[in-house]
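The structure appears right after this line, and notes come after that.
Sequence positions, counted from 1, serve as the residue numbers for this chain. Hydrogens, waters and symmetry mates are skipped; everything else that's a heavy atom, side chains included, is used.
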Amino acid sequence: MGEHNKLGEQSTPRPARKPAAVVVPLLGLIAVIVGLIVAWTNQSTSFGWFAYAPLSDTVFVGNGGAMVSQGTQFGLAVTVLGLLVLAFWAGLAIGRRR
């Protein structure tokens with residue numbers, strides 16, 4: 001019997017943790033891992049160097065000027081989103097303790 005229980009009473013068990021307390025950080029961690037994998041596998045992009053051609057009448061037009069492929073950019077964006085979810089969850093968990 002517990003310290004504050006009277007004869008015949010039983011202490012009630014604590015309620016289980018909310019599913020969101022486990023699901024939110026798990027989704028954030030999965031997003032970070034998937035984003036890093038996508039960014040790592042798409043890191044090769046082809047670009048070349050060019051020089052001024054004074055005798056040419058054509059004008060060079062770049063294709064965005066990014067040295068990072070779109071797949072890498074997407075992977076990094078998913079990673080940042082996962083880190084933001086984890087930071088939000090951590091702040092919420094710390095705020096609940098106080």
Side-chain angles (χ1 to χ4, degrees):
M1 285 195 175
E3 183 178 336
H4 300 290
N5 292 343
K6 296 179 184 175
L7 188 60
E9 288 183 0
Q10 293 181 0
S11 64
T12 57
R14 286 184 157 181
R17 294 187 100 182
K18 293 180 183 178
V22 176
V23 173
V24 172
L26 188 63
L27 287 176
L29 189 63
I30 289 172
V32 169
I33 292 171
V34 167
L36 287 175
I37 290 172
V38 169
W40 187 264
T41 57
N42 290 321
Q43 68 179 345
S44 64
T45 182
S46 61
F47 65 93
W49 299 102
F50 61 93
Y52 173 67
L55 300 176
S56 174
D57 290 335
T58 61
V59 177
F60 173 77
V61 178
N63 59 353
M67 300 288 187
V68 181
S69 69
Q70 288 181 347
T72 303
Q73 291 174 355
F74 177 73
L76 293 175
V78 171
T79 301
V80 168
L81 182 68
L83 289 172
L84 285 174
V85 168
L86 286 174
F88 175 77
W89 173 81
L92 196 62
I94 289 171
R96 283 186 185 160
R97 286 188 204 157
R98 293 183 180 172

**Prompt:** Checking side chain to side chain contact (heavy atoms under 4.5 Å, CB included) against Val85, which of Val80, Val24, Leu27 comes through?
**Reply:**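 That would be Val24; it is the only one of Val80, Val24, Leu27 passing the side chain to side chain contact (heavy atoms under 4.5 Å, CB included) with Val85.
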**Message:** Restricting to non-hydrogen atoms, name the atom on Ala31 and the atom on Gly82 that form the minimum distance, rounded to 0.1 Å.
**Reply:**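 Shortest heavy-atom separation between Ala31 and Gly82 comes out as CB-CA, 3.7 Å.
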**Request:** For Leu36 and Thr79, work out which heavy atoms get closest and say how close.
**Result:**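 So the two residues come closest at N-OG1, 3.2 Å.
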**Asked** Who passes side-chain contact (heavy atoms from CB on, under 4.5 Å) against Ile37, sequence neighbours left out?
**Response**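 Partners of Ile37 under the side-chain contact (heavy atoms from CB on, under 4.5 Å) test: Ile33, Thr41.
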**Request:** Quick one: list whatever passes side-chain contact (heavy atoms from CB on, under 4.5 Å) with Leu92, sequence neighbours left out.
**Result:**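 With neighbours one apart ignored, the set is Phe88, Arg96.
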**Side-chain hydrophobic cluster, 4.5 Å single linkage: members besides Phe74** =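 Grouped by the 4.5 Å side-chain rule, Leu26, Ile30, Val34, Val38, Val78 form the rest of the cluster around Phe74.
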**ILVMFWY network linking Val32 to Leu76, side-chain heavy atoms under 4.5 angstrom** =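 No: no chain of side-chain contacts under 4.5 Å links Val32 to Leu76.
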